[in-house]
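First the structure, in the form of structure tokens, and then the observations on it.
A quick note: this is a predicted structure, and the numbers were derived from the prediction, not measured.
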Amino acid sequence: MPRHRSVRLATTGATTQRTASGTFGSRSNGTLGRRAVVVALVLVSLVLATAYFREADSGPLHSAQGTAAGVLEPFQIGAERVVRPFRDAWGWFDGLRTARSENTALKRKIADLERRAAVAPPTGPAALGGVTAYSRAPSYVKGDYTLLKADVIEDLPSYQQQVVVSAGRGDGVKRYDPVVSPTKPGQLLGHVSKVGRTTSLVTLISDRSSAVAVYDVAHGTKGILRGAGPDAGSLIMDQVSKQDVIAAGDVITTAGRISGGSFYPSWIPVGQVESVSQSDTEPFKLVRITPFADLGSIDQVVILLRKGPVPSLP
Amino acid sequence: MTVAVLKALGAVFVAVLLELAVFAPLQIGSGSADIVLVTVAVVALLTGSIVGAIAGFWAGLLLDTVSLGTLGLTSLLLTLVGYWCGRYGETTARDRAHAPFLAVAVVTVLAAAGNLLLQFTIGEPTSARWMLFDSLWPQLILNVILTLPLYALFRWMFPRRTLIPAVTREVELLG
């Protein structure tokens with residue numbers, strides 16, 4: 001028997017000394033305390049989630065969240081600025097890798113768009129003989145919106161297809177405001193789905209909850225654009241009946257209709273028809289749309305702030 | 001304990017900022033590393049279940065706040081992650097070299113499944129195939145890779161001698 005082991009220890013056959021675990025009472029107290037902490041935290045989480053889910057957007061938890069997000073925003077922006085050069089460098093190298101194939105695809109797209117540019121878009125209500133007044137819907141191209149540029153300060157996990165931007169209630173942002181890209185012309189990105197004091201949540205058109213009334217410029221066909229999630233790669237134009245005419249390469253814009261609680265003014269470029277198919281069993285055509293905007297890499301957005309009241313259902 | 005909790009809260013705060021600014025936008029394959037999950041798991045392994053659960057709750061609260069998500073959901077998930085990793089560290093994982101990697105791999109899969117369940121519960125449209133297959137595998141690999149430097153860092157931040165009592169006692173026979 002080794003000299004450093006006591007008789008009592010040797011009797012148990014143990015090869016190493018055990019870590020002290022205290023008396024039964026203290027161990028029991030430790031276990032109880034540990035369980036009490038985790039049960040309390042789980043309960044607080046459940047109560048928070050339930051209360052947050054049930055309360056209105058103006059409720060106390062939403063307000064507290066907006067305030068806290070505002071406090072954390074400088075840290076987010078600071079971190080974003082520090083890593084932006086590295087992310088840009090990564091993007092540059094990644095861009096080089098895919099530049100050749102993108103170049104070919106873009107040349108093809110430009111040629112196609114030039115061919116279609118000859119087709120004049122519809123000019124809205126044309127013949128208004130005898131009509132003395134016209135209450136038109138807010139128009140993106142006629143200056144009924146103020147454009148607010150904002151930075152993306154957080155990309156949420158891809159399955160959510162949402163981003164957080166650095167503008168909120170204090171900047172005049174309201175729920176359901178349309179969001180476009182900062183390019184000219186602005187391409188549709190999505191809408192504001194939640195507004196904090198200084199930040200807002202933007203749901204992209206690729207999200208499964210998104211629904212936008214859209215219009216085929218070449219053929220006048222209307223439909224509802226739905227997101228198909230991150231794994232789809234393209235969007236779905238729904239509610240296109242088999243009698244409607246639509247073809248691959250057609251340019252799709254917003255139709256100026258209320259859809260999904262949001263009003264998107266007409267003529268915001270959305271994307272291009274990628275493919276059209278139909279089956280005997282489905283009542284509608286299956287139309288896939290490739291969005292103009294790169295929804296996977298958004299650094300800045302433009303929020304369309306309405307100058308007047310937004311159309312709403314009675 | 002208090003010092004460990006404060007250190008854990010600080011580490012989680014930095015991890016959340018890094019997640020937002022660096023890791024979330026950096027898609028490799030169709031997934032990205034989740035530094036917050038790895039941080040909570042590794043801190044819990046080194047500090048125990050109570051600190052792990054608190055760190056997880058704090059991490060979830062921060063993430064839900066900055067992303068304007070439903071408060072409490074991510075906290076619930078990460079509290080359980082922290083508690084489970086802490087218990088694993090207090091019991092069978094002690095002094096085992098593979099423990100952090102195994103723990104991170106397991107909680108990555110469980111957190112994805114739990115997240116999917118919560119999303120369905122609150123009625124958020126989501127894709128199970130994407131969450132459990134397309135994005136999970138790249139994330140699993142990236143998280144396990146990330147475990148190595150983070151475990152080394154947090155072992156330095158949370159020296160084991162301060163957390164587990166070094167006092168030993170002899171075994172006494174009953175009766």
Answer yes or no: is there a donor N or O on one side and an acceptor on the other, between the side chain of Gln65(A) and the main chain of Gly69(B), under 3.5 Å? yes
Between [atom1] of [X] and [atom2] of [Y], what distance do you get to the nearest 0.5 Å?
{"X": "Leu41(A)", "Y": "Leu78(B)", "atom1": "CG", "atom2": "CG", "value": "12.0 Å"}
{"X": "Thr74(B)", "Y": "Leu48(A)", "atom1": "OG1", "atom2": "CG", "value": "11.5 Å"}
{"X": "Leu76(B)", "Y": "Leu43(A)", "atom1": "CG", "atom2": "CG", "value": "10.0 Å"}
{"X": "Arg35(A)", "Y": "Ile50(B)", "atom1": "CZ", "atom2": "CD1", "value": "12.0 Å"}
{"X": "Thr50(A)", "Y": "Leu71(B)", "atom1": "OG1", "atom2": "CG", "value": "11.5 Å"}

What part of [X] gets within 4.5 angstrom of chain A, counting heavy atoms only: side chain, backbone, both, or neither?
{"X": "Ser67(B)", "value": "both"}
{"X": "Leu61(B)", "value": "side chain"}
{"X": "Leu80(B)", "value": "side chain"}

Check Leu72(A) against Phe13(B) and note the closest heavy-atom contact, atom names and distance.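 For Leu72(A) and Phe13(B), the tightest heavy-atom pair comes out as CD2-CE1, 3.5 Å.
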Shortest non-hydrogen contact from Gly72(B) to Ser45(A)?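 Reported closest heavy-atom pair: O-CB, 3.5 Å.
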In terms of heavy-atom proximity below 4.5 Å to chain B, should [X] be classed as side chain, backbone, both, or neither?
{"X": "Ser200(A)", "result": "backbone"}
{"X": "Val42(A)", "result": "both"}
{"X": "Leu201(A)", "result": "both"}
{"X": "Leu46(A)", "result": "side chain"}

Pick whichever of Leu68(B), Ile122(B), Leu20(B) has the most heavy-atom pairs under 4.5 Å with chain A.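 Of Leu68(B), Ile122(B), Leu20(B), Leu68(B) has the most heavy-atom pairs under 4.5 Å with chain A.
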Do you know which of Ala49(A), Gly66(A), Ser209(A) has the most heavy-atom pairs with chain B at a distance under 4.5 angstrom?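 The answer is Ala49(A).
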Whether over 12 other heavy atoms sit under 6.0 Å from Phe120(B) CZ: yes
